[in-house]
Amino acid sequence: ALFMPPFFSIRDARPDDALVIVEFNRRLAWETEGKRLDDALLQAGVREALARPDRARYFLAEAADAPLPVVGQLMLTFEWSDWRNGLFWWIQSVYVRAEFRRRGVFRALYDHVERLAHATPDVCGLRLYVEHENVAAQATYRSRGMHPPGYVVFERTWP
């Protein structure tokens, strides 16, 4: 028999997906940065994102044969570029359930978003940031045609 990779359907997240998104974000923060997130703040942030598509947009990957059908997520945020007279879509909050990693979940999410970006007239590109040490993720992003633009991100945060 010919081996077929699993099929993942991609859909926009709905308000009733908030709990799975919160859980994925909690796991993401712990697995990638060893951070424990404030649960109330995280829940409020996810609910705000789901209610305000002008701020953020979540996409979920589902596998029909999985015990828990939602197997991955990706969030977009938006940055206006005056230099390009267009929007960059920032890919954030990417998470794939451990048992579904290296099976094409991110590829399905990314390809879906890239198709949408190409079909949206004012989008000029996709961006994301990744930890310096996360070479596996960097290799994945390169495989999708992304490259480091030569910028270093700085930030100043406050409570």
Side-chain angles (χ1 to χ4, degrees), residues 1-53 55-79 88-118 123 125-149 151-153 155 157:
L2 179 64
F3 173 75
M4 295 296 292
F7 173 75
F8 303 106
S9 59
I10 308 300
R11 66 172 175 84
D12 280 280
R14 303 177 299 257
D16 65 334
D17 293 311
L19 289 179
V20 72
I21 294 169
V22 165
E23 181 59 27
F24 282 4
N25 283 334
R26 185 182 297 118
R27 291 178 185 186
L28 175 64
W30 180 251
E31 290 175 22
T32 60
E33 300 181 35
K35 288 184 181 177
R36 295 203 185 277
L37 301 179
D38 178 279
D39 196 57
L41 193 60
L42 174 58
Q43 288 188 40
V46 168
R47 281 194 298 274
E48 180 75 8
L50 289 167
R52 296 278 308 269
R55 289 202 175 162
R57 188 173 173 190
Y58 283 103
F59 295 93
L60 301 180
E62 292 184 318
D65 59 344
L68 298 168
V70 178
V71 297
Q73 75 175 24
L74 179 155
M75 182 182 75
L76 292 179
T77 58
F78 316 102
E79 173 196 0
F88 276 103
W89 283 1
W90 279 83
I91 295 171
Q92 296 180 223
S93 298
V94 173
Y95 186 80
V96 175
R97 286 190 192 277
E99 63 272 26
F100 281 88
R101 292 180 189 156
R102 312 298 307 161
R103 292 178 60 189
V105 177
F106 174 75
R107 182 183 323 123
L109 285 160
Y110 181 90
D111 290 351
H112 179 80
V113 165
E114 188 176 49
R115 280 191 299 275
L116 284 176
H118 282 295
V123 175
L126 299 173
R127 285 184 169 166
L128 56 78
Y129 52 87
V130 60
E131 294 284 324
H132 286 286
E133 296 78 23
N134 196 343
V135 293
Q138 291 174 36
T140 297
Y141 302 144
R142 281 188 174 91
S143 78
R144 305 313 313 144
M146 301 188 88
H147 64 276
Y151 301 114
V152 175
V153 176
E155 74 176 8
T157 62

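Atom CG in Asp12 sits 7.5 Å away from atom CG in Leu116 (nearest 0.5 Å). To the nearest 0.5 Å, atoms CE (Met75) and CG (Asn25) are separated by 7.5 Å. Rounding to the nearest 0.5 angstrom, the gap separating the CG atom in Leu42 from the CZ atom in Arg47 is 9.5 Å. If you take CD1 on Ile21 and CG on Leu50, they are separated by 4.5 Å, rounding to the nearest 0.5 Å.
The side chain to side chain contact (heavy atoms under 4.5 Å, CB included) test applied to Ser9 returns Phe7, Glu62, not counting sequence neighbours. Looking at residues two or more places apart in sequence or on another chain, you find a side chain to side chain contact (heavy atoms under 4.5 Å, CB included) between Ala136 and Asn134. By the side-chain hydrogen bond (donor to acceptor under 3.5 Å, both in side chains) test, Glu23 is found to be paired with Arg26, Arg27, residues two or more places apart in sequence or in another chain being considered. Taking the side-chain hydrogen bond (donor to acceptor under 3.5 Å, both in side chains) definition, one finds that Gln138 meets it with nothing, sequence neighbours left out. Every residue two or more places apart in sequence or in another chain that forms a salt bridge (charged side-chain N to carboxylate O under 4.0 Å, His left out) with Asp16 is listed here: Arg14. Applying the ring-ring contact (aromatic ring centres under 6.0 Å, His included) criterion to Tyr141, with sequence neighbours excluded, gives Phe106. When the side-chain hydrogen bond (donor to acceptor under 3.5 Å, both in side chains) test is applied to Arg144, the partners found at least two apart in sequence or on another chain are Asp111. Contacts of Tyr110 classified as side-chain hydrogen bond (donor to acceptor under 3.5 Å, both in side chains), with partners at least two apart in sequence or in another chain: none. A search for side chain to side chain contact (heavy atoms under 4.5 Å, CB included) contacts involving Arg102 returns Thr140, not counting sequence neighbours. For Arg101, the salt bridge (charged side-chain N to carboxylate O under 4.0 Å, His left out) test picks out Glu31, with sequence neighbours left out.
Between Phe78 and Ala56, the closest heavy-atom pair is CE1-N, 3.9 Å. Closest non-hydrogen pair, Arg97 versus Val70, comes out as NE-O, 2.7 Å. Between Ala117 and Leu126, the shortest heavy-atom contact is CB-CD2, 4.1 Å. Here the closest non-hydrogen pair linking Glu99 and Arg103 is O-NH1, 3.5 Å. Taking each heavy atom of Ala63 and Phe100 in turn, the nearest pair found is CB-CE2, 4.1 Å. Across all non-hydrogen atoms, the minimal contact from Tyr58 to Ala49 is CE1-CB, 3.6 Å.
Among residues at least two apart or in separate chains, ring pair (Phe, Tyr, Trp, His ring centres under 6.0 Å) pairs with a member in residues 10-31 are Phe24-Tyr95. Listed by first and then second residue, the salt bridge (charged side-chain N to carboxylate O under 4.0 Å, His left out) pairs involving residues 127-140 are Glu79-Arg127 (not counting sequence neighbours).
Using cut-offs of 30° and 60° on the angle between ring planes, the pair Tyr129 and Trp90 is tilted.
The side-chain contact (heavy atoms from CB on, under 4.5 Å) test with Val22 singles out one residue from Leu37, Asp39, Asp17, and that residue is Asp39.
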**Message:** Let's go through Ile91 and Leu76 carefully: what are the C-alpha distance in whole Å and the side-chain angles of both, what is the deciding distance for side chain to side chain contact (heavy atoms under 4.5 Å, CB included) to 0.1 Å, and is it a yes or a no?
**Reply:** CA-CA 5 Å; Ile91 295 171; Leu76 292 179; 3.9 Å; yes
| task | Test side chain to side chain contact (heavy atoms under 4.5 Å, CB included) on Leu109 and Val94 and set out the steps. | result | CA-CA 9 Å; Leu109 285 160; Val94 173; 5.5 Å; no
